[in-house]
Amino acid sequence: ILTSLEKLEVAPPSPGQLKHVFFHNALPFVGFGFLDNAIMIAAGTQIELSIGVILGISTMAGAALGNLVSDLAGLGLAGYVEALASRLGLSIPDLTPKQADMWQTRLSAHLGKAIGVTVGCILGMFPLLFFGDEEEKLEEKN
């Protein structure tokens, strides 16, 4: 009886498989984080400098509206980000359904997503390099 139970148990994923799961989840989230932050910063800044000046909304209101634009863009761009990630040769990890549901695999996937979106968000801050002049001009007008 024990031998039949032992055969039902599946070996946990190898470190190589867990690394594959990590990168399979991280790469698309780098793209999501990048687009989300870049669009939010660009849209929020433009909203603040245009509509915000006319309507007298706060910087945080401009940021919130920029976040809305970014979220709406993310809905439309999600499929493209995933397609690009798969075009880059990111194959699905070769795991059994039981291995895919193990805590090690779920942890690796969540860490990949978290680190991926963190890296993407940091990279997506690049529009801040271009908006310093416009904010200074706005302050000079006031």
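Note that these values count all heavy atoms, side chains included, but never hydrogens, waters or copies made by symmetry.
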Specify the closest pair of heavy atoms between [X] and [Y], including all atoms of both residues, with the distance to one decimal.
| X | Y | value |
| --- | --- | --- |
| N25 | A109 | ND2-CB, 3.4 Å |
| A11 | M102 | O-CE, 4.0 Å |
| P28 | A85 | CG-CB, 3.9 Å |
| G124 | I41 | O-CD1, 3.9 Å |
| I57 | G62 | CD1-N, 4.0 Å |

Review point. Rest of the hydrophobic cluster containing L95 (Ile/Leu/Val/Met/Phe/Trp/Tyr, side-chain heavy atoms under 4.5 Å)?
Key: V21
Practice item. Could you pull out all residues at least two apart from F126 that satisfy ring-ring contact (aromatic ring centres under 6.0 Å, His included)? Key: F34
Review point. Counting only N and O atoms by type, is there a donor-acceptor contact under 3.5 Å from the side chain of S70 to the main-chain atoms of I39?
Key: no
Straight-line distance of [X] [atom1] to [Y] [atom2], nearest 0.5 Å:
| X | Y | atom1 | atom2 | answer |
| --- | --- | --- | --- | --- |
| S91 | H20 | OG | NE2 | 3.5 Å |
| F32 | E82 | CZ | CD | 4.5 Å |
| T96 | D101 | OG1 | CG | 9.5 Å |

Practice item. Taking the side chain as every heavy atom from C-beta outward, state whether H110 and L107 have any pair of such atoms under 4.5 Å apart. Key: no
Exercise for review: Determine whether more than 12 heavy atoms belonging to other residues, nucleotides or ligands lie under 6.0 Å from atom CD1 of I92.
Suggested key: no
